[in-house]
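Input: a single structure, listed below in structure tokens.
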Number of protein chains: 2
Amino acid sequence: MNVTIKDIAREAGCSIQTVSRALNNKVEIDPETKKRILEIAKKLNYSPNILASSLRLKKTKTLGIVIPDNSDPFYAEILQGASKKAKEHGYQIILSVLSQRGCDVDEEIDALHTLISQRVDGLLLQPEQETGIYLDALRECPIPYVLYNRSPEGLLCNYVTHNHEYGSFIACSHLFEKGKTEIYYLLRKPETSSTKARIKGCENAIKKYGLPKSSIKIIECDDSVNDAYQKTKSLLDHYVPQAFHTWDDIMAIGVAKAIIDKGLRIPQDVSLVGYNDILIARYFNPPLTTVRQQLTFMGETAVDILIQKISDKNSKRVEHVELTLELIKRSTT
Amino acid sequence: MNVTIKDIAREAGCSIQTVSRALNNKVEIDPETKKRILEIAKKLNYSPNILASSLRLKKTKTLGIVIPDNSDPFYAEILQGASKKAKEHGYQIILSVLSQRGCDVDEEIDALHTLISQRVDGLLLQPEQETGIYLDALRECPIPYVLYNRSPEGLLCNYVTHNHEYGSFIACSHLFEKGKTEIYYLLRKPETSSTKARIKGCENAIKKYGLPKSSIKIIECDDSVNDAYQKTKSLLDHYVPQAFHTWDDIMAIGVAKAIIDKGLRIPQDVSLVGYNDILIARYFNPPLTTVRQQLTFMGETAVDILIQKISDKNSKRVEHVELTLELIKRSTT
DNA sequence: CTGAAAGCGCTAACAA
DNA sequence: TTGTTAGCGCTTTCAG
């Protein structure tokens, strides 16, 4: 059915080896034969079977990436950066999107194993469950991997993250500087290392400004914007706090809607600081003060590290990259 | 290095064939041997080499998808739907993101050929260039494919789209009903079939309401939100139109910012209708009137059709699915 | 129920 | 410069 180098060899009256050499730009070949073979290949509409060559070469030029949810701009942006960079390096991306947004460890482990079975050369992961069982799976991983947005304790590995302790610190500090003495902090995924770092950052800000611990009140939300919206709404029914800070910009937009629906003004009545600086933040009304993460760059960097690890298998060095966060002051504070 | 069925066979003292049977849940095997083999496999941390089995089986259980830009929520949503559905069917996704957002035909053809080389079982594509050269490449495509969001003339193939002629028709009609007699329509990708359909829809609305052709003025923008923002701003410097309609919600948000920056009110001074109904539309301030596309569902449907075509290779029937669009009335009109 | 042999399409090593 | 041979890891005959 499909045309192979064998077919080309027959047509050209040479061995398959010669065809292989012509196709792979090897030097040890007569320019004339090479030209003839290439023409025949084109004529027969030949498409090399990467599967066969990968099997032989024991490398696939393929990276596996696990993404909890591509409809979240946060991850979509990371994936964008990763896939562009991979393409630049001549690597393909095999994508695994989790259906439970990472709430199911078994699914996550499964995704990992499937990708390994596919014989990808390396993996980009964000362990949603930084618990023993997933980390165990990771420890047995036979190929190089780089974590993004996570740096689990108790696992020595390559990762690229942001310094979230600093991120929530500058967000809260900014609000304190503006004279606010009370912040409601809406967060999610309370168990992840990144959330823990953020809470630490809040506490640091409290300390720095000599405020009581109760200055920051935490509200836990699930993954939907709507939950942030509803919880803010309920809160505002009883009480109007001075300021909100949120785990991401999407939640901030939900909070903003609740505030505006209540007939309150931002920032005159309530201040608001988001997180991530997704594209919309700048164009939102009012433009959102937020903490900028370098999402595309995180994806790119993770790929760079990964590919370096792939080429340099025996290097046992571990890469830790911490990207910088920046407070973007706009009109909600 | 890696453990293979050969290693398991040696360990179990049987042939590789028996191991293969145990691993693939074949019936013709003693339950006892099967159990023993499975245990050994687990002990040795065996991971099947999909490459080898794919090569042998001539199918990879893999779908290729080409996406112009994953940082655009429009495509991110489609990809989300597609990858979830693929996973449900037990298929993997190989992702190819274009670096020029589809402005480079050669890159697009290249992406196509690479995916074919990878021996994916099927392809999901959105031809950015509906010109001869890309369609030619498609005509030579040896594997099943389904187009999403495009239905190029002169190519008989499977596709899933929305009825954009109807979409812009309901958007414009809505504005006309509200008494507006003049709409500035900001669009992009003027050459695509989907844009042409939209312009047709505008003309239909004009006809229906017996208005002059000049009632709808077209402004062409590039792919950035900023361009929509800037162009609206320049326009508003000289003239305040009654209404805007945009090619997508992101552009609408850019337009809204320009209007608000100018000190004008939406919808009292200027009305605005977006397109797509991305998540943010509902939470935007003011909540955006828009035309809802079923993006996740489009991705899912495309995968469903594709997998059906893969299982049913000899069926020469061509599937055309046209999803329905819906006007979502919120507060910008 | 189990095993031996062949081959998927390709490339590396060696020989001519 | 070119051809021959072997083998990557797996599954599908076919034979025991």
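Remember, it's a predicted structure, so these values are computed and weren't measured experimentally. Just so it is clear: chains get the letters A, B, ... in the order the sequence lines come, proteins before strands, and each one is counted from 1.
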- Task: Output yes when at least one side-chain N/O atom of A:K58 is less than 4.0 Å from OP1 or OP2 of D:dG9, else no.
- Result: yes
- Message: Over all strands shown, is A:S54 touching base, sugar-phosphate only, or nothing at heavy-atom distances under 4.0 angstrom?
- Response: nothing
- Query: Excluding sequence neighbours, so at least two apart, what forms salt bridge (Lys or Arg N to Asp or Glu O under 4.0 Å) with B:D223?
  - Reply: B:R101, B:R188
- Message: Holding to side chain to side chain donor-acceptor pair (under 3.5 Å), I want the full list of residues that pass it with B:S311, two or more places apart in sequence or in another chain.
- Response: none
- Item | Nucleotide interval of DNA chain C bounded by contacts with chain A (heavy-atom cut-off, under 4.0 Å) | C:dG9 to C:dA13
- Message: Under the rule for side-chain contact (heavy atoms from CB on, under 4.5 Å), what residues qualify as partners of B:K59, not counting sequence neighbours?
- Response: B:L57, B:D121
- Protein-proximity profile, nucleotides 10-15 of chain D, B/S/- by nucleotide at the 4.0 Å heavy-atom cutoff, equals BBB---
- Kindly write out the residues that satisfy salt bridge (Lys or Arg N to Asp or Glu O under 4.0 Å) with B:D304, not counting sequence neighbours, or none if the list is empty. B:K85
- Would one find more than 12 heavy atoms of other residues, nucleotides or ligands at under 6.0 Å from atom CG of B:L323? yes
- Please report how far the helix from C:dC1-D:dG16 to C:dA16-D:dT1 bends, comparing the axis fitted to its first five pairs with the axis fitted to its last five, to the nearest 10 degrees. 40°
- Query: salt bridge (Lys or Arg N to Asp or Glu O under 4.0 Å) with B:R21: which residues, sequence neighbours excluded?
  - Reply: none
- Item | With sequence neighbours excluded, residues passing side-chain contact (heavy atoms from CB on, under 4.5 Å) with B:T4 | B:K6, B:D7
Atom pairs and distances, donor-acceptor, side-chain atoms in residues 134-146 of chain A, under 3.5 Å, two or more places apart:
{"unit_1": "A:D136", "atom_1": "OD1", "unit_2": "A:R139", "atom_2": "NH2", "d": "3.4"}
{"unit_1": "A:R139", "atom_1": "NH1", "unit_2": "A:G154", "atom_2": "O", "d": "2.9"}

- Query: Sequence neighbours excluded, which residues qualify as salt bridge (Lys or Arg N to Asp or Glu O under 4.0 Å) partners of B:E107?
  - Reply: A:K87
- In chain order, what residues pass the ring pair (Phe, Tyr, Trp, His ring centres under 6.0 Å) check against A:Y159, with sequence neighbours excluded? A:H320
- What is the distance from CG of B:L55 to C1' of D:dC8, rounded to the nearest Å? 9 Å
